Amino acid sequence: MPTHPSRPQVQGLFDPATWTVTYVVHNGPGTPAAIIDSVLDYDPKSGRTRTASADRVIEYVKAQGLTVEWILETHAHADHLSAAPYLKRQLGGRIGIGGRITQVQQVFKGLFHLEPEFHPDGSQFDHLFADGETLRIGALEGRVLFVPGHTPACAAYQVGDAVFVGDTLFMPDVGTARCDFPGGDAKTLYASVQKILSLPGDTRLFMCHDYPPEGRAVRFETTVAEQRAHNIHVHAGVSEAQFVAMRTQRDATLDMPTLILPSVQVNIRAGEMPPPEANGVRYLKIPVNAL
């Protein structure tokens, strides 16, 4: 039975290997749907990919009789590979991302010395969203919110009372995203967080990841009010200067994500692998001492 468009149904599917949550948002069985932040399983030791995580999404979509209209990315993830092309082949839909992905593509085309045929113009995606742009998911209306800071291209998707925040925020006891990737900026992230936290207090917020403290089960749904009151990095009363100082100091202690090199190369291509070389094999690059 369809739900009210102001409160869509949200199914989160957690991938324990990457601590990532893929969301399917819809208006009830048999209705159109969007998939947000999918995962392609990747073994960095062997270079092998699998589709177990994405197949769980497909199983849910088919069991609910949903029609996929959108496959959305909140940003070019640095911790997992996107399964968007695989899901598109299996379920249909259009792959969308925030329009500032072109800035990220430009940086990493140079860093990875990508082939001349790779154009940093976003053409690898089916649609580039503008800030504030609306999108339809059947009876549901979505709105795109640019929330840069973690990367220049981060976008959140608001559908009814639900907002899919990407890496901008984590659960209140985990905090906020790092800002030390190319183009990241703590001051910008602070402004983006305030943009999200200016929404009504009962707005549901859905995290892209959860890294629970010891003893807590995985959670990935919270509210604006809970974040305002309890987020350990950016609760009400934390100033921009305090946040920037904390974030800068903390980021200096963090290791790079395990999958950053393969993830970025794939995700700036909308989830596609690099083109095959003369021997028919596709390769991912490792830039030595470049990051």
Side-chain angles (χ1 to χ4, degrees), residues 12-24 34-61 68 70-91 93-98 101 104-105 107-109 111-115 118 120 122-126 150-151 153-155 157 164 166-167 177-178 181-183 207-211 220 255-277 281-287 290-291:
L13 297 110
F14 181 68
D15 175 58
T18 62
W19 305 94
T20 303
V21 189
T22 297
Y23 294 102
V24 183
I35 299 169
I36 303 173
D37 288 337
S38 63
V39 176
L40 179 70
D41 308 303
Y42 177 77
D43 177 12
K45 296 178 181 178
S46 67
R48 300 284 184 181
T49 63
R50 296 184 303 113
T51 59
S53 181
D55 287 337
R56 290 174 55 221
V57 176
I58 293 170
E59 182 180 2
Y60 175 79
V61 167
V68 174
W70 288 102
I71 301 170
L72 303 174
E73 303 286 358
T74 55
H75 62 295
H77 306 274
D79 41 35
H80 70 272
L81 281 65
S82 171
Y86 174 73
L87 290 172
K88 181 178 177 178
R89 290 192 294 270
Q90 299 296 318
L91 299 171
R94 302 171 69 197
I95 301 173
I97 197 168
I101 187 62
V104 177
Q105 289 178 322
V107 169
F108 285 105
K109 177 174 183 175
L111 188 106
F112 289 111
H113 194 59
L114 299 182
E115 71 279 1
F118 177 83
S123 58
Q124 301 80 7
F125 297 83
D126 295 318
H150 173 56
T151 79
C154 289
Y157 299 98
F164 303 88
D167 286 6
R178 66 194 297 167
F181 295 156
M207 313 296 106
C208 182
H209 302 283
D210 188 34
Y211 308 103
F220 38 82
D255 292 332
M256 285 291 107
T258 300
L259 297 182
I260 185 171
L261 296 178
S263 293
V264 171
Q265 291 178 74
V266 170
N267 294 338
I268 62 173
R269 301 175 187 269
E272 295 286 0
M273 295 292 171
E277 298 195 7
V281 178
R282 300 174 189 268
Y283 292 91
L284 295 170
K285 296 183 176 181
I286 300 177
L291 286 179

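Since the structure is predicted, the reported quantities are computational estimates derived from the model, not experimental observations. Basis for what follows: all heavy atoms, side chains included, without hydrogens, waters or symmetry-related copies.
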Determine the minimum heavy-atom distance between [X] and [Y], stating which atoms define it.
X: A54; Y: A83; answer: CB-CB, 3.8 Å
X: L40; Y: S82; answer: CB-O, 3.7 Å
X: G12; Y: V21; answer: CA-CG1, 3.9 Å
X: I95; Y: P85; answer: CD1-N, 4.1 Å
X: A84; Y: A270; answer: CB-O, 4.1 Å
X: Y157; Y: I97; answer: OH-CA, 3.7 Å

Hey, can you pull the donor-acceptor pairs under 3.5 Å for the side chains in residues 46-53, sequence neighbours left out?
| unit_1 | atom_1 | unit_2 | atom_2 | d |
| --- | --- | --- | --- | --- |
| S46 | OG | D43 | OD2 | 2.9 |
| S46 | OG | R48 | N | 3.2 |
| T51 | OG1 | D55 | OD2 | 2.9 |

Enter the distance from [X]:[atom1] to [Y]:[atom2] here, rounded to the nearest 0.5 Å.
X: R94; Y: L72; atom1: CZ; atom2: CG; value: 10.5 Å
X: H75; Y: D167; atom1: NE2; atom2: CG; value: 3.5 Å
X: F108; Y: I101; atom1: CZ; atom2: CD1; value: 9.5 Å
X: T20; Y: L81; atom1: OG1; atom2: CG; value: 10.5 Å
X: F220; Y: F164; atom1: CZ; atom2: CZ; value: 11.0 Å

(Q) The criterion is side chain to side chain donor-acceptor pair (under 3.5 Å); which residues satisfy it with D37, sequence neighbours excluded? (A)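 So D37 forms a side chain to side chain donor-acceptor pair (under 3.5 Å) with T74, H77.
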Q.
Could you work out, with side chain to side chain donor-acceptor pair (under 3.5 Å) as the rule, every residue matching D41, not counting sequence neighbours?
A.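 Residues passing side chain to side chain donor-acceptor pair (under 3.5 Å) with D41: none at all.
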Heavy-atom distance under 4.5 Å between the side chains of [X] and [Y], does that happen here?
X: L261; Y: F112; value: yes
X: H209; Y: D79; value: yes
X: V104; Y: I268; value: yes
X: F181; Y: M256; value: yes
X: K88; Y: D126; value: yes

Q: Dump the intermediate steps for side-chain contact (heavy atoms from CB on, under 4.5 Å) on L87 and V68, then the final yes or no.
A: CA-CA 9 Å; L87 290 172; V68 174; over 6 Å; no
Spell out, as yes or no, whether a donor-acceptor pair under 3.5 Å connects the side chain of [X] to the backbone of [Y].
X: K109; Y: P120; result: no
X: Q265; Y: P274; result: no
X: Y23; Y: C208; result: no

Q | Between H80 and D15: side-chain donor-acceptor atoms closer than 3.5 Å | A | no
Q | The single option from Q105, E272, R269 passing side-chain hydrogen bond (donor to acceptor under 3.5 Å, both in side chains) against Q124 | A |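 Per the side-chain hydrogen bond (donor to acceptor under 3.5 Å, both in side chains) rule, the option paired with Q124 is Q105, out of Q105, E272, R269.
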Q) Where do I35 and L91 land on the side-chain contact (heavy atoms from CB on, under 4.5 Å) test, with the steps shown first? A) CA-CA 10 Å; I35 299 169; L91 299 171; 3.9 Å; yes
Q. Going through the checks in order, is the side-chain contact (heavy atoms from CB on, under 4.5 Å) test met by H150 and R178?
A. CA-CA 6 Å; H150 173 56; R178 66 194 297 167; 3.9 Å; yes
Q. Does the side-chain contact (heavy atoms from CB on, under 4.5 Å) test come out yes or no for L284 and Y42, once each step is laid out?
A. CA-CA 12 Å; L284 295 170; Y42 177 77; 4.0 Å; yes
